[in-house]
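As the structure is a prediction and not an experimental result, all values here were calculated from the model. All ligand and atom numbering here is 1-based and tracks the order in the structure.
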Amino acid sequence: MHHFEYKNNELHAENISIKELAAEYGTPLYVYSAATLRRHFEAFDSAFSGLEHMTCYSVKANSNLSVLKLLAEQGAGMDIVSGGELYRALKAGVPANKIVFSGVGKKAYEIAEALKADILMFNVESVGELHRINEVAASMNKIARISFRINPNVDPKTHPYISTGMKKNKFGLDMETAKKAYKTAKELASITPIGMDCHIGSQLTTIEPFLEALEKLLSFRDELGEMGITIEHLDLGGGLGITYDEEQPPHPKEFGEALCKALEGKKLKVILEPGRVIAGNAGILVSEVIYTKKTPTKDFLIVDAGMNDLIRPSLYQSYHNISEVIKNERPEVDYDVVGPICESGDFLAKDRHLPEMLQGELIAVYSAGAYGFTMSSNYNSRLRAAEIIVDGDDVIVARRRETYEDLLNLEA
Ligand SMILES: *Cc1c(COP(=O)(O)O)cnc(C)c1O
């Protein structure tokens, strides 16, 4: 569910007309709905109300400071993967004891920053990282709380680029290695192992892989118990999918019920790291048709948003629903919707049926709230889009459009 709807044949975000936003702020334009963000967070978080739990929103999905503030006000913790994301989360007012730090390549300065802030825990992804954290913590006279990210070797049945919990992936530790790593961790002076973690992939549309991973982790926890290691925190990562096209992922409520049932009576503090399911359908990308172009084989809609604005179609062959911002009655055309970038991989959609579009008209690309702006770049020296949050009747400029000065700001 989201709050992008037609009123009098004009697309609106909550109470605000998209056409008016585009006129005021220009295109390409990311528009997020505050009510949708709040509702998605609430639906997800309340699905776990039967468990002692913490919902740590995955910052990389959409890290705009105003988005983080909005979620922090709802009580969200945060899952971060860099010093930059730590900086954002703290600026957004997230208490450090609600922050967990994931990622395979944490550098010493990032570890030090997180220890200084006193975050809840590090999700450690290698033995090398464990020793690095121990050294940094020792030098600061601190004790680092850690989990190991376990690679449970389950197939999430998603796109290979967003599948993370199989043997061949770079993430986490296999159970054999993890067992030794916990033993080492217990002996290191500046480390306390307090949890277990896994994140098996993204855009999962069934619950089974989560349950399969959970079962493996719970039996692993028993083995650790026999070694005298007590696990209090269980971090199950993120990964719950959304509807882009015709996928039918489980509702967070159903997902929560299944996990709560499997965790009943286990006395674990459960951490969840949803990203896409919170932000994905809470945002659209608005773009203007620059030209229409007919070739002997194709009809192209050349729009002012490119792969530098939204890379998911190019990178993962992802489907994003597209519609016209102002409804029209013209017959449908089979379009390739492409950007201005000098790459054949620069497309938003292929063979898409839309009513005939004219130069200057607007399209909306849906499900762009997660892994949209955060993956954008300045490729082709294009200025990054503005980001707007609509909250009822209010419009918040969450990020102004870049300027040419911004483009050269850091260059000699
Ligand atoms: C990306 C990521 C998430 C969020 O994944 P979604 O599919 O957006 O829910 C959670 N945890 C970790 C460790 C991640 O890398």
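- A cation-pi arrangement, defined by a distance under 6.0 Å to the six-membered ring centre and an angle within 45 degrees of its axis, is present between Lys350 and Phe347.
- Here the two rings, on His12 and Phe4, have centers that are 6.0 Å apart or farther.
- At most 12 heavy atoms of other shown residues, nucleotides or ligands fall within 6.0 angstrom of atom NZ in Lys91.
- Each of the atoms 10 (C), 11 (N), 12 (C), 13 (C) of ligand 1 lies under 4.0 Å from some heavy atom of Asp79.
- Interface of Arg276 with ligand 1, defined as ligand atoms under 4.0 Å from a residue heavy atom, comprises 6 (P), 8 (O), 9 (O).
- Polar contact with ligand 1: absent for Gly237 (N/O pair, distance under 3.5 Å).
- Taking the centre of each ring, Tyr335 and Phe300 stay at or above the 6.0 Å mark.
- A centroid separation of less than 6.0 Å is found between the aromatic rings of Phe255 and Phe210.
- The protein non-hydrogen atom at the shortest distance from atom 8 (O) of ligand 1 is Tyr371 OH, 2.6 Å.
- Remark: ligand 1 atoms within the under-4.0 Å shell around heavy atoms of Glu273 are 3 (C), 4 (C), 9 (O), 10 (C), 11 (N), 12 (C), 13 (C).
- Checked against a 3.5 angstrom limit, the closest N/O atoms of Ser202 and ligand 1 fall inside it.
- Relative to the ring axis of Tyr319, Arg352 places its NZ or CZ within 45° and under 6.0 Å from the centre.
- Heavy-atom contacts of Ser102 reach the following atoms of ligand 1: 13 (C) (cutoff under 4.0 Å).
- Figure legend: Lys327 and Tyr6 shown as a cation-pi pair, the cationic atom lying under 6.0 angstrom from the six-membered ring centre and within 45 degrees of its axis.
- Atom 1 (C) of ligand 1 has its closest protein heavy atom at Lys60 NZ, 1.3 Å.
- Annotation for ligand 1: atoms under 4.0 Å from non-hydrogen atoms of Gly275 are 6 (P), 8 (O), 9 (O).
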